[in-house]
> 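Got a structure for you, written out below as structure tokens; questions coming shortly.
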Amino acid sequence: MRDGQLVSVLDYRDDGRTIALTRAFTIPTFRGHGYAGVVVEGAVADIEARGDRKVDAVCWYVADWFAAHPEHAYLLRSR
């Protein structure tokens, strides 16, 4: 949210063992300001704090985020 307006969302599915991060989306007029990265970072921090789920990076943006932040790679589900 920015000034009360939705700017970016992260869709997911949770099956109790793995959270599939399926789509990071930023409203077109807000793109290019790092909002999707903030949303993914927050989700990863929440998943990390829970400590009971792995992540399936379905969305290309999420996969790229993990590639840029290898310190969180241990959260990724093994294929």
Side-chain angles (χ1 to χ4, degrees):
M1 301 292 285
R2 178 177 163 209
D3 297 328
Q5 193 170 13
L6 181 67
V7 296
S8 192
V9 297
L10 181 61
D11 293 338
Y12 69 95
R13 288 186 316 268
D14 184 345
D15 70 7
R17 294 180 316 253
T18 302
I19 297 178
L21 300 180
T22 58
R23 183 180 73 135
F25 179 78
T26 300
I27 305 300
T29 56
F30 293 105
R31 289 182 181 158
H33 298 283
Y35 293 120
V38 170
V39 172
V40 172
E41 185 175 352
V44 169
D46 286 347
I47 294 165
E48 193 171 33
R50 287 181 61 149
D52 64 349
R53 304 281 197 282
K54 289 293 187 178
V55 173
D56 189 1
V58 176
C59 170
W60 68 267
Y61 184 90
V62 174
D64 285 355
W65 187 93
F66 272 97
H69 298 88
E71 66 276 15
H72 298 287
Y74 73 93
L75 289 170
L76 292 171
R77 176 180 70 93
S78 298
R79 295 195 181 241

> Is it true that atom CZ of Arg2 has more than 12 heavy atoms of other residues, nucleotides or ligands lying nearer than 6.0 Å?
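12 or below, so no.
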> If you look at every heavy atom in Phe66 and Ala57, which pair is closest and at what distance?
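Looks like CD1-CB, 4.4 Å.
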> Does Val39 reach the side chain of Thr26, with side-chain heavy atoms less than 4.5 Å apart?
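Sidechains of Thr26 and Val39: no contact.
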> Going by side-chain hydrogen bond (donor to acceptor under 3.5 Å, both in side chains), Arg53 matches just one of Asp14, Thr18, Asp46. Which one?
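For Arg53, the side-chain hydrogen bond (donor to acceptor under 3.5 Å, both in side chains) check succeeds only for Asp14.
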> Between NZ of Lys54 and OH of Tyr74, what distance do you get to the nearest 0.5 Å?
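With rounding to 0.5 Å, NZ (Lys54) is 8.0 Å from OH (Tyr74).
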> Could you work out the complete set of other residues in the hydrophobic cluster of Val9, with links drawn between I, L, V, M, F, W and Y side chains under 4.5 Å apart?
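So far as hydrophobic clustering goes, Val9 is joined with Met1, Leu6, Val7, Phe25, Ile27, Phe30, Tyr35.
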> Check for a donor-acceptor pair, side chain of Arg13 on one end and backbone N or O of Ala20 on the other, with a separation under 3.5 Å.
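No: the side chain of Arg13 does not pair with the backbone of Ala20.
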> If every non-hydrogen atom of Val62 is compared with every non-hydrogen atom of Val40, which pair is closest and at what distance?
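Nearest pair, atom of Val62 first, then Val40: CG2-CG2, 4.0 Å.
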> Kindly give the heavy-atom pair with the smallest separation between Ala24 and Tyr61, and that separation in Å.
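Closest heavy-atom pair between Ala24 and Tyr61: CB-CD2, 4.0 Å.
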> Within the structure provided, determine whether Val44 and Val55 are in side-chain contact (heavy-atom separation under 4.5 Å).
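No, every pair of side-chain atoms sits at 4.5 Å or beyond.
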> Any donor-acceptor pair under 3.5 Å linking the side chain of Thr22 with the backbone of Asp11?
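Checked: pair present.
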> Of all the heavy-atom pairs spanning Trp65 and His72, show the shortest one and how long it is.
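Heavy atoms of Trp65 and His72 come nearest at CH2-CD2, 3.6 Å.
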> What is the minimum heavy-atom distance between Pro70 and Ala67, and which atoms define it?
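Heavy atoms of Pro70 and Ala67 come nearest at CD-O, 3.7 Å.
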